[in-house]
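Within every chain, numbering begins at 1; the chains are lettered A, B, ... in the order of the sequence lines, protein sequences first and strands thereafter.
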Amino acid sequence: KNEVEQSPQNLTAQEGEFITINCSYSVGISALHWLQQHPGGGIVSLFMLSSGKKKHGRLIATINIQEKHSSLHITASHPRDSAVYICAVVRETSGSRLTFGEGTQLTVNP
Amino acid sequence: ETGVTQTPRHLVMGMTNKKSLKCEQHLGHNAMYWYKQSAKKPLELMFVYNFKEQTENNSVPSRFSPECPNSSHLFLHLHTLQPEDSALYLCASSQTSSYNEQFFGPGTRLTVL
């Protein structure tokens with residue numbers, strides 16, 4: 001079993017829908033990252049958070065440290081949001097070493 | 001523009017070839033990383049360099065040989081690879097290797113025939 005589990009693995013939505021991607025982890029962490037990977041491979045960091053909630057444009061990330069769970073929400077989804085979204089955690093004892101989830105493939109149809 | 005560049009973007013090589021992947025960061029960072037991303041698997045950390053010194057080798061086979069001549073450049077030398085080494089190889093950098101946001105390059109898609 002992976003230390004970082006994401007759900008769903010694949011998600012298809014219609015343009016405009018509200019989207020939620022979940023991440024659960026089983027280790028103690030100092031931070032959690034949400035990353036976006038577009039076709040072609042490049043990865044962009046969306047959020048790094050250790051508590052509470054962060055918002056950037058249409059993206060919202062939340063984390064519950066006690067429940068070892070984080071969610072990434074996309075409001076008013078758009079086809080350009082289609083990408084793989086990856087959750088990664090920084091273990092308490094690992095410096096900045098990241099442990100990654102398998103990713104969620106999101107497809108937003110027009 | 002990510003500030004981290006990788007060349008080549010695509011590479012096809014035979015099992016007896018020797019090739020090198022290059023990564024360069026223009027962000028003034030001091031830590032650089034190599035990751036491997038195989039199909040349907042999470043990213044795997046391969047190597048970490050902090051201030052040009054290797055601080056992590058995640059049990060990577062010796063057919064992968066990293067080199068970090070300065071804080072801005074990172075190489076991955078490849079020799080006698082196997083077909084299962086075919087993957088996307090991603091480079092990243094961060095301010096230092098202790099708890100900082102990492103910035104990723106676009107990756108090199110490697111195919112080993």
Looking only at the aromatic ring of each residue, does the gap between the centers of [Y] and [X] stay below 6.0 angstrom?
| X | Y | result |
| --- | --- | --- |
| A:Phe100 | B:Tyr35 | yes |
| B:Phe103 | B:His29 | yes |
| B:Phe64 | B:Phe47 | no |

Interatomic distance, OG@A:Ser71 vs CD1@A:Ile19, rounded to 0.5 Å, equals 13.0 Å
Greatest number of non-hydrogen atom pairs under 4.5 angstrom with chain A, of B:Glu44, B:Lys41, B:Gln37, falls to B:Gln37
Under 4.5 Å heavy-atom distance to chain A, tell me which part of [X] shows up: side chain, backbone, both or neither.
| X | answer |
| --- | --- |
| B:Arg9 | side chain |
| B:Gln6 | neither |
| B:Leu88 | side chain |

**OP:** Could you label the plane-to-plane angle of the A:His73 and A:Phe18 rings as parallel, tilted or perpendicular, counting under 30° as parallel and over 60° as perpendicular?
**Re:** parallel
So, the part of A:Gln9 with a heavy atom under 4.5 Å from chain B: the answer is neither
